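What you see is a predicted model, and the numbers here were worked out from it, not measured in a lab.
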Amino acid sequence: LKQCLGTCPARSLDYSQTLHQDSLPMCLAMCRSIVLPIVTALVVAHAELGPSKDDFAELGIDREGSSGETSCAVSLRQLRSGITPSPDLGIMLADTLAATDGAVGPQASPPVCSVSYKDNCMYNPVCCTSGHTCYAKDSELSLCMEKCVSGIHADDPPKYQTPWSCSVVTRAVHKTSYEGPLGQPSTGELLTFYMYYAQGGETQVLANVNAANLPGIMWYVQNTIASEKTTVAVGFSVIRRLRVQMRATQELLDQGMTFSSRVIYESGECMKPHCQYSWDSYGYTVGCNNLGEYPSPRADPHYPDGILYSLPGSGRCPSFIPTGEGDCTWNYEDAGQIELTELYEAADASEGAFWAKPDSDVANKRKLKIARDLFESKYGKDSPAPPCDFNLKKFYR
């Protein structure tokens with residue numbers, strides 16, 4: 001550890017894009033956060049597992065824990081190459097590295113924390129070093145540090161000596177892949193409402209799927225069962241309730257809409273209509289249509305107020321409040337479910353009898369009330385959903 005600290009250069013940090021690996025703060029943090037736990041792990045392994053002297057020599061570290069003539073950086077590269085004295089020590093070393101920079105070989109998982117003085121923590125405000133906090137300099141850069149004083153930092157390179165706000169970053173900022181207007185957050189209202197999704201018993205993460213409001217999902221299940229005869233044939237057993245957050249892109253808002261055209265997904269693939277046009281023009285936005293309107297068949301669905309939705313996977317930002325950028329327009333969380341068998345039990349009817357008379361508004365109203373009563377008895381009433389304001393002429397301007 002002392003030798004590692006002795007190798008740290010006396011120079012200020014340069015964070016033009018990524019901090020230089022040899023910057024003083026980075027080196028100090030590395031020695032404290034990486035080398036010391038590794039040496040400790042080696043000492044513990046030596047005491048409990050008894051690896052040979054050759055094992056330590058292979059790592060470039062002698063039995064006293066110093067790295068001889070090999071720099072600590074070289075030893076870390078050797079550790080990442082997978083050289084470990086024993087399986088247990090390998091686990092300890094992998095855990096130590098994963099907790100610091102997540103870079104263990106070419107198949108490393110995404111970092112779970114931000115390395116102090118190195119990573120831009122605005123995208124992940126969890127600091128690897130205990131006691132450090134993610135502080136913002138401006139809207140472009142945040143760093144994990146022990147403390148931060150607002151204003152200009154004299155040790156910043158001259159061309160980067162702009163004031164630090166030192167505001168604490170608690171929520172990660174979404175990093176968009178779009179450029180231009182679709183790469184900017186929109187001025188749209190954040191909408192929160194409920195959707196419903198029919199599936200089998202095994203819960204799945206939803207992306208590139210079609211959902212609906214409650215009348216819409218009852219229409220969908222009924223018509224699918226009518227064509228396939230039983231829920232067993234189509235694989236339905238539950239109706240999931242989803243609490244959805246959504247924000248439209250500015251391109252869509254400028255056309256007077258909050259929803260885009262509903263696209264149709266089959267096995268996660270967008271089939272129609274004009275999927276690429278929608279995504280290129282408006283981003284990965286949530287689509288909708290009222291039952292009986294484009295692109296649904298223009299016929300009486302016998303479920304008034306039914307709405308169908310499309311949820312593009314590339315627009316879902318699960319860790320963030322939707323920003324309205326082209327690839328961050330919606331997210332969801334599960335908010336309950338009912339089994340289809342609960343519908344039949346509440347109606348005191350068989351499956352076939354429950355879904356009978358699909359063209360009867362009266363019969364369908366009764367089915368919908370049973371479903372709504374079941375959900376409300378478990379989870380309370382849904383908040384009002386926004387109207388489906390998709391406009392065909394405006395969309396295809």
Next on the checklist: With side chain to side chain donor-acceptor pair (under 3.5 Å) as the criterion, how do Asp138 and Trp164 come out once you've worked through the C-alpha distance, each side chain's angles and the decisive distance to 0.1 Å?
Outcome noted: CA-CA 6 Å; Asp138 48 35; Trp164 283 76; over 6 Å; no

Item to check | Pair Cys288-Cys388, disulfide (SG to SG under 2.5 Å): steps then yes or no | outcome: CA-CA 6 Å; Cys288 78; Cys388 175; 1.9 Å; yes

Next on the checklist: Rounded at 0.5 Å granularity, tell me how far CG in Asp389 sits from NZ in Lys394.
Outcome noted: 8.5 Å

Checklist entry - When you check the gap from the basic side-chain N to the acidic O, do Lys378 and Glu342 get nearer than 4.0 Å? => result yes

Checklist entry - Is the distance between the ring centroids of His274 and Tyr396 less than 6.0 Å? => result yes

Next on the checklist: Please find the pair of heavy atoms, one from Ile217 and one from Ile239, that lie closest to each other, and give the distance.
Outcome noted: CG2-CG2, 4.1 Å

Item to check | Trp219 vs Gln222, side chain to side chain contact (heavy atoms under 4.5 Å, CB included): CA-CA, chis, key distance, verdict | outcome: CA-CA 5 Å; Trp219 171 87; Gln222 177 168 279; 5.7 Å; no

Checklist entry - Any donor-acceptor pair under 3.5 Å linking the side chain of Ser310 with the backbone of Arg262? => result no

Checklist entry - Between Phe395 and Ser278, is any pair of side-chain heavy atoms under 4.5 Å apart? => result yes

Checklist entry - Is a donor on one side and an acceptor on the other found under 3.5 Å between the side chain of Gln161 and the backbone of Ile152? => result no

Item to check | SG(Cys127) to SG(Cys121) below 2.5 Å | outcome: no

Checklist entry - So, do Thr192 and Val244 sit near enough that their side-chain heavy atoms are less than 4.5 Å apart? => result no

Item to check | Side chain proximity check, Pro312 to Tyr265, heavy atoms < 4.5 angstrom | outcome: yes

Next on the checklist: Assess whether a salt bridge exists between Arg240 and Asp334, defined as any Lys/Arg side-chain N lying under 4.0 Å from an Asp/Glu carboxylate O.
Outcome noted: yes

Checklist entry - For His302, does its backbone N or O pair with a side-chain atom of Asn364 as donor and acceptor, under 3.5 Å? => result yes

Next on the checklist: Can you tell me if Tyr220 has over 12 outside heavy atoms packed within less than 6.0 Å of its OH?
Outcome noted: no

Next on the checklist: Please determine whether a side-chain nitrogen of the Lys or Arg among Lys369 and Asp373 lies less than 4.0 Å from a carboxylate oxygen of the Asp or Glu.
Outcome noted: yes

Checklist entry - Quick one: does Asn290's side chain have a donor or acceptor within less than 3.5 Å of a partner on Pro304's backbone? => result no

Item to check | Basic-acidic side-chain contact under 4.0 Å: Glu333, Arg243 | outcome: yes

Checklist entry - Considering all heavy atoms of both residues, which atom of Pro322 and which atom of Leu190 are nearest to each other, and what is their separation? => result CD-CD1, 4.0 Å

Checklist entry - If you measure from OG on Ser360 to NZ on Lys367, what distance do you get to the nearest 0.5 Å? => result 7.0 Å

Next on the checklist: As a quick check of understanding, evaluate side chain to side chain contact (heavy atoms under 4.5 Å, CB included) for Gln337 and Arg241, giving each step before the final call.
Outcome noted: CA-CA 5 Å; Gln337 67 177 40; Arg241 179 175 180 256; over 6 Å; no

Item to check | Where Phe390 and Ser260 come nearest, the two heavy atoms and their spacing | outcome: CD1-C, 3.5 Å

Item to check | Minimum side-chain heavy-atom gap Ile307-Asn289 below 4.5 Å | outcome: no

Checklist entry - At their closest point, which heavy atom of Ile370 faces which heavy atom of Ala347, and how far apart are they? => result CD1-CB, 3.6 Å

Checklist entry - Does the side chain to side chain contact (heavy atoms under 4.5 Å, CB included) test come out yes or no for Tyr135 and Val169, once each step is laid out? => result CA-CA 6 Å; Tyr135 292 104; Val169 180; over 6 Å; no

Checklist entry - Are any of the side-chain heavy atoms of Met218 and Pro215 separated by less than 4.5 Å? => result no

Checklist entry - Taking only residues two or more places apart in sequence, or in another chain, which ones meet Arg316 in a side chain to side chain donor-acceptor pair (under 3.5 Å)? => result none

Next on the checklist: Could you check whether any side-chain N or O of Ser186 sits under 3.5 Å from a backbone N or O of Ala248, counting only pairs where one atom can act as donor and the other as acceptor?
Outcome noted: yes

Next on the checklist: Heavy-atom count check: over 12 atoms from other residues, nucleotides or ligands less than 6.0 Å from Glu266 CD?
Outcome noted: no

Item to check | Distance in Å, Phe354 CZ paired with Leu340 CG, rounded so as to fall on 0.5 Å steps | outcome: 8.5 Å

Item to check | Check: Lys147 side chain, Thr133 main-chain N or O, donor-acceptor pair, under 3.5 Å | outcome: no

Checklist entry - Under 4.5 Å between side-chain heavy atoms, hopping through other hydrophobics if needed: is there a path connecting Leu308 to Leu214? => result yes

Item to check | Sidechain N-carboxylate O distance under 4.0 Å for Asp382, Arg372 | outcome: no

Item to check | Between OG1 on residue Thr341 and CD on residue Glu345, distance to nearest 0.5 Å | outcome: 5.0 Å

Next on the checklist: Let me confirm one number: the OH-OG1 distance from Tyr282 to Thr249, rounded to the nearest 0.5 Å.
Outcome noted: 8.5 Å

Item to check | Minimum heavy-atom distance Ser150-Ser165, with the two atoms named | outcome: CB-O, 3.8 Å

Item to check | Value rounded to 0.5 Å, distance of OH in Tyr332 from OH in Tyr194 | outcome: 15.0 Å

Checklist entry - When you measure from the side chain of Asn208 to the backbone N and O of Gly313, does any donor-acceptor pair fall under 3.5 Å? => result yes

Item to check | Test side chain to side chain donor-acceptor pair (under 3.5 Å) applied to Thr323 and Glu325, step by step | outcome: CA-CA 5 Å; Thr323 62; Glu325 293 161 299; 2.6 Å; yes

Item to check | Min side-chain heavy-atom separation Phe236-Val238 under 4.5 Å | outcome: no

Item to check | Passing option when Leu253 is tested against Met257, Gln250, Gln255, Glu251 for side chain to side chain contact (heavy atoms under 4.5 Å, CB included) | outcome: Gln250

Checklist entry - Shared ILVMFWY cluster between Leu291 and Tyr309, side chains joined below 4.5 angstrom? => result no

Next on the checklist: If hydrophobic clusters are built from ILVMFWY residues whose side chains come within less than 4.5 Å, do Tyr379 and Phe193 share one?
Outcome noted: no

Checklist entry - Is the closest side-chain heavy-atom distance between Trp355 and Tyr344 below 4.5 Å? => result yes

Next on the checklist: Run the disulfide (SG to SG under 2.5 Å) test on Cys148 and Cys166 for me, step by step, so that the C-alpha distance in whole Å, both residues' side-chain angles and the decisive distance to 0.1 Å come before the verdict.
Outcome noted: CA-CA 6 Å; Cys148 183; Cys166 289; 1.9 Å; yes

Checklist entry - Checking side chain to side chain contact (heavy atoms under 4.5 Å, CB included) for the pair Ile321/Arg247: CA distance, chi angles, key distance, verdict? => result CA-CA 9 Å; Ile321 294 175; Arg247 197 189 306 268; 4.0 Å; yes

Next on the checklist: Strictly under 2.5 Å separating the two SG atoms? Check that for Cys270 and Cys275, please.
Outcome noted: yes

Next on the checklist: Any heavy-atom pair between the side chains of Phe375 and Ile338 that's under 4.5 Å?
Outcome noted: yes

Item to check | Trp330 with Tyr197, same ILVMFWY side-chain cluster at under 4.5 Å | outcome: yes

Checklist entry - So, Lys137 and Thr162: side-chain donor and acceptor under 3.5 Å apart, yes or no? => result yes

Checklist entry - Per the side chain to side chain contact (heavy atoms under 4.5 Å, CB included) rule, which among Val286, Asn331, Thr329, Leu311 passes with Met246? => result Val286

Checklist entry - What are the two closest non-hydrogen atoms of Asp119 and Val115, and how far apart are they? => result OD2-N, 2.8 Å

Item to check | Co-membership, hydrophobic cluster, residues Tyr196 and Tyr303, 4.5 Å side-chain | outcome: yes

